[in-house]
S.K.: 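Just dropping this structure here.
Nothing here was measured: the structure is a model prediction, and the numbers come from that model. Numbering of ligands and ligand atoms starts at 1, following listing order. One is the number of the first residue; the rest follow in order along the sequence.
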Amino acid sequence: MYSTEQLRAWDKRHVWHPFTQMQDWERDEQIVITRGEGSWLIDSDGNRYLDGVASMWTNVHGHCRRELNEALKAQVDRLEHSTLLGLASEQSIVLAHRLAEIMPTGLERFFYSDNGSTAMEVAVKMAYQYQTHCGHPERSRFITFRNAYHGDTLGAVSVGGIDIYHSTFRPLMFDTIQAPSPYCYRCELGCDSSTSCGMKCLDALESIMKEQAATCAGLVIEPLLQGAGGMIVQPPGFLAGVRRLCDQYDLLMITDEVATGFGRTGRMFACNHEDVVPDIMAISKGIAAGYLPLAITATSERVYGAFLGDYAELKTFFHGHTFTGNPLACAVALKSLDLFESDRLLEALQPKITRLAERLSDFSRLPHVGNIRHCGMAAGVELVADKATKRAYPWEQKIGISVCLEARKQGIFSRPLGNTVVIYPPLCISSGELEQLLDGLERAIRAVTGN
Ligand SMILES: *Cc1c(COP(=O)(O)O)cnc(C)c1O
């Protein structure tokens, strides 16, 4: 055992944290997590923090859930890893078989990788190569959305649309066609509300497709919810509308369910809400319940079939990662699917989702809460300097970060997206813990925005 002081010192000396200004990090005192238990993280001094962001949106059944721990331990005594390059392995087979039963109908071919970004790289390359096999090498571009986030590798960044993360790397990125974000609160097309707006953003998307579809392989979308863009919830019918347009203009629809998959929206997958079946779908974060890195790019028989041919035809999908189909991760993912059933997790979520909605409507009375966006067990509370004009707090003011630091004093760990406070607990969170999380965040918002 090392002392907290020792761990902090070595961390500051050697660990480069993601999405972090390390100058700030090195200056401040940091929490060192050493244990987890249900919805709680426990630091090296024994302090407890409610995990308000489900450990970067991955945690489903809680930390150190006994059944998952046992599944992992049982697997590690049988096989820790064997490659999918040239060999099959038991757990990856069984998991694919199980997933075929629960995925939107028709998605039954699964390509394994190990994180959300790689799942999206695979999706983009797969879509383009599919078009080349169909005789359309000129269909090389992708339609994407502003405020989209699909990961941090270069292909994933190219199809993303968050300027503050992506603009530095512009010279390294491939060109895409960006459609307006369905961000109703700040609608770039000047619409007023999500219910009566008539979704001009769909019309804008159609105009883009009309002109450019012939040069495009597909469209990339986070269904229902643009997560990292600020928990931006799409108006009802938007996703189904996008599917309709993709059909009409013969584009592959790629849905990124890395964040939304595995119960987060209240259904197993976000696409289920509007009965949408994409052509390609990426899943990761919640798949192994937050235990281990695992990802899948799922597709249809039609896309898969286009890659079949004589060896010399070079139709092989030349892509693969060393740890694809890792048996430990697959074993945990399988046990997680069991727990979805035995805990009746999706049913148990419904009253929590209703309660979350009730509590959030109280938040909207706060003078600096401009907009509240809610989808299942995910929510974003956008803070504004001026509610009447929707004037944003300058980003340098770090208002979201201040709220989270304030919440931390009350034993809550949260991480904002710019000026948006994020609510994204493990799906297993109890009703009491959910109240505690919301009480803490409300108090923190009041304290920081001054009322
Ligand atoms: C987190 C995320 C990714 C990237 O996943 P990583 O595992 O961090 O590479 C991609 N898409 C969405 C929607 C995400 O939320």
Side-chain angles (χ1 to χ4, degrees), residues 17-20 53-60 111-127 142 144-162 164-166 169 173 176 181-183 218-234 239 242 253-265 269-271 276 278 280-298 319 321-324 326 329 332-333 373 375-380 415-418 420 422-425 427:
H17 289 258
F19 281 101
T20 301
V53 287
S55 291
M56 208 51 246
W57 314 355
T58 60
N59 197 282
V60 178
F111 192 96
Y112 280 100
S113 63
D114 28 55
N115 62 72
S117 307
T118 55
M120 287 305 297
E121 295 283 340
V122 168
V124 162
K125 288 175 73 176
M126 190 183 274
F142 289 86
T144 62
F145 291 92
R146 270 190 277 289
N147 294 318
Y149 178 80
H150 300 292
D152 291 329
T153 55
L154 283 172
V157 166
S158 296
V159 294
I162 303 179
I164 195 166
Y165 300 165
H166 299 154
F169 302 108
M173 289 155 58
T176 64
S181 167
Y183 183 8
L219 166 144
V220 183
I221 185 171
E222 293 159 272
L224 289 199
L225 176 71
Q226 288 187 311
M231 296 296 154
I232 298 167
V233 179
Q234 296 155 17
L239 184 65
V242 171
M253 181 180 187
I254 301 171
T255 56
D256 177 352
E257 292 234 22
V258 169
T260 51
F262 299 93
R264 181 54 56 178
T265 65
F269 300 104
C271 285
V276 162
I280 300 177
M281 178 161 141
I283 48 179
S284 182
K285 291 195 168 97
I287 187 173
Y291 268 58
L292 286 160
L294 180 67
I296 287 178
T297 307
H319 187 109
H321 297 281
T322 306
F323 278 96
T324 48
N326 175 259
V332 175
R373 300 180 286 272
C375 177
M377 286 297 275
R415 189 171 161 87
L417 293 162
T420 297
V422 170
I423 299 162
Y424 211 105
L427 297 184

S.K.: Return the set of residues passing side-chain hydrogen bond (donor to acceptor under 3.5 Å, both in side chains) with Y149 (not counting sequence neighbours), or none when no residue passes.
M.R.: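 Residues passing side-chain hydrogen bond (donor to acceptor under 3.5 Å, both in side chains) with Y149: D152.
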S.K.: State, to 0.1 Å, how close A123 and I280 come at their nearest heavy-atom pair, and which atoms those are.
M.R.: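 Smallest heavy-atom distance, with atoms named: CB-CG2, 3.7 Å.
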S.K.: Please check if the side chain of T297 supplies one atom and the backbone of A282 the other of a donor-acceptor pair under 3.5 Å.
M.R.: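 It does not hold such a pair.
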S.K.: Just by distance, with hydrogens left out, do H150 and D256 show a side-chain donor and acceptor under 3.5 Å apart?
M.R.: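 Yes, because at least one side-chain N or O of H150 sits under 3.5 Å from a partner of the opposite role on D256.
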S.K.: Let me know which protein residues bring a heavy atom to under 4.0 Å of ligand 1; chain then number is fine for ordering.
M.R.: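 Ligand 1 pocket, heavy atoms under 4.0 Å: W57, N115, G116, S117, Y149, H150, G151, E222, D256, V258, A259, K285.
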S.K.: Among residues at least two apart in sequence or on other chains, which ones pass side-chain hydrogen bond (donor to acceptor under 3.5 Å, both in side chains) with Y112?
M.R.: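 In terms of side-chain hydrogen bond (donor to acceptor under 3.5 Å, both in side chains), with neighbours along the sequence ignored, Y112 is linked to no residue.
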S.K.: With sequence neighbours left out, what residues match H166 under side-chain hydrogen bond (donor to acceptor under 3.5 Å, both in side chains)?
M.R.: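 Testing H166 for side-chain hydrogen bond (donor to acceptor under 3.5 Å, both in side chains), a comparison that skips the adjacent residues, returns none.
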